[in-house]
Protein chains: 2
Amino acid sequence: MDIQTVLLGFLIRSCMTGYDLRKAFSMSFSFFSGLSYGSIYPSLKKMESRGLVTKQVVIQDGAPNRKVYTITEAGRKAFLDSLRAPFVPEQPKRAFLMRLFFFAHLSPEERKAIALAQLESVVLLRKELESLRPEIEALADSFQYLCFQIGLRYYDNMASDLSMVLDAMRDEKVNLS
Amino acid sequence: MDIQTVLLGFLIRSCMTGYDLRKAFSMSFSFFSGLSYGSIYPSLKKMESRGLVTKQVVIQDGAPNRKVYTITEAGRKAFLDSLRAPFVPEQPKRAFLMRLFFFAHLSPEERKAIALAQLESVVLLRKELESLRPEIEALADSFQYLCFQIGLRYYDNMASDLSMVLDAMRDEKVNLS
DNA sequence: TTGACATATATCGTGATGATATATATCCTG
DNA sequence: CAGGATATATATCATCACGATATATGTCAA
């Protein structure tokens, strides 16, 4: 998912500390990925050593010094290059598919319970994302708004997959392997 | 995605070597995840030390010895437990969303080219998966067939997302940030 | 006043990935 | 028949993402 590119994308807008980047990320990217300090700080170090960003230490009394990162011309170029890089095909990679693959090992009741729990959790995730709408409509550009819409559709599609699974189980002849 | 659970799921069917597991995996799971030896062998070692599998070394002359793994009762229990474990919510995590998020930094022509390339690659992936249909219809149980169908729908949904993006760009007023 | 929350950086263990190394056997093709 | 590709089979390495945790301090409300 290339964390460095995302960080550079945020740093183009404004100079930021690792902490700021984490916040910015959670607010706008949260629905398609997490990002932890264990990834951010090492990435910033690497990017600094590669000349993609520069660091300004702002001394504060008491609190730990802020390390403000600024993107360089090389960083801007690296960012655009990776936006343009050839696409690497992606796979679904969803844990639920793994479970479903082995569903024959569970009883019909367990299968139904698991699929229903999953459906509930997807509905919840969709609701959470939907609740960000006002914020996104205020701040996002048109492409970022498309990301939001695709995120919603993603959950809708998962819900519809789960309904399909539940339908298939409704009139199942038990099929233990 | 819990590699150990997947390996146990295959070992329930029959005893296998790491190499066999890799093959079994690529044939049936390939459309939602990869699995490399760098993950398999360490996992098998861990599972052996935890008593989930036992190892029989089959000496061969010339070729490296086969290490055949057999699932234990504890392994069977661990497998079922993780199928029943509470669901961890998942996020889309798609690299294309990251690109789209920053699309405003590219020219309209570049945006269109990237989205079209992506669409092509999705169509290709769908075709490849569809070509596995006869094999899957012959070997899969009904839940595994549902996995296959969901895989196809996944690519269909991605294609439809991309069409949406292309439509939105067709009549765009350029919106650079 | 005390506990929760925000600011801010950093490191650690765990583990997944992709690449590579090491051997040998078989099978197809020119 | 030689050569090269492919299959069998195990193993390790560097890279790096993640989640948890440690360390400090400031602020604000109950």
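The basis for the numbers below is simple: all heavy atoms, side chains too, and nothing from hydrogens, waters or symmetry mates.
For Ile3(B) and dT14(C), the CD1 to P distance is 17 Å, given to the nearest whole Å. The distance from atom NZ of Lys23(B) to atom P of dA7(D) is 10 Å, rounded to the nearest whole Å. dT10(D) atom P lies 13 Å from atom CZ of Arg22(B), rounded to whole Å. Going from atom CG of Leu7(B) over to atom P of dG15(C) covers 14 Å, rounded to whole Å. Note: OH (Tyr37(B)) to C1' (dC13(D)) measures 17 Å, nearest angstrom. Rounded to whole Å, the distance from CZ on Phe25(B) to P on dG18(C) is 11 Å. Between the CG atom of Asp2(B) and the P atom of dT14(C) there is a distance of 17 Å, given to the nearest Å. Between the CD1 atom of Ile40(B) and the C1' atom of dA19(C) there is a distance of 15 Å, given to the nearest Å.
Comparing Arg66(A) and Lys45(A) against DNA chain C, the residue whose closest nucleotide sits nearer the 5' end is Arg66(A).
For the helix from dT1(C)-dA30(D) to dG30(C)-dC1(D), the end axes, each set by the C1' atoms of five terminal pairs, are bent relative to each other by 30° (nearest 10°).
For Ser43(B), taking side-chain heavy atoms from C-beta onward, the closest of the listed nucleotides dA10(C), dA16(C), dA17(D) is dA16(C). Comparing dT10(D), dC16(D), dT17(C) by their closest approach to the side chain of Arg50(A) singles out dC16(D).
Other residues sharing the hydrophobic cluster of Leu124(A), ordered by chain and number and joined by side-chain separations under 4.5 Å: none, the residue standing alone. Side-chain heavy-atom separations under 4.5 angstrom define the hydrophobic clusters, and Met27(B) shares its cluster with no other residue.
Within the nucleic acid shown, Gly38(A) comes within 4.0 Å of at least one base atom, counting heavy atoms only.
Residues passing the ring pair (Phe, Tyr, Trp, His ring centres under 6.0 Å) test with Phe79(A), sequence neighbours excluded: Phe102(B), His105(B). Take Ser28(A) and apply the side chain to side chain donor-acceptor pair (under 3.5 Å) test, not counting sequence neighbours, and it matches no residue.
Distances shown here put a side-chain N or O of Ser39(A) below 4.0 Å from the OP1 or OP2 atom of dC18(D). For Tyr19(A), a side-chain nitrogen or oxygen approaches OP1 or OP2 of dT7(C) to under 4.0 Å. The side chain of Ser36(A) contributes no N or O atom lying less than 4.0 Å from OP1 or OP2 of dA20(D). Contact annotation: Tyr41(B) side-chain N/O to dT10(D) OP1/OP2 distance is under 4.0 Å.
The NZ atom of Lys67(A) sits 11.0 Å away from the OG1 atom of Thr17(A) when rounded to the nearest 0.5 Å.
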Open item on the list: Before you tell me yes or no, could you show the steps for Leu139(A) and Gln144(A) under side chain to side chain contact (heavy atoms under 4.5 Å, CB included), namely the whole-Å CA-CA distance, both residues' side-chain angles and the distance that decides it to 0.1 Å?
Closed with: CA-CA 9 Å; Leu139(A) 295 169; Gln144(A) 287 160 4; over 6 Å; no

Please tabulate, for the side chains in residues 44-55 of chain A, all donor-acceptor contacts under 3.5 angstrom to protein atoms that are two or more places apart in sequence or on a different chain.
residue: Ser49(A); atom: OG; partner: Lys46(A); partner atom: O; Å: 2.9
residue: Thr54(A); atom: OG1; partner: Gln56(A); partner atom: NE2; Å: 3.2

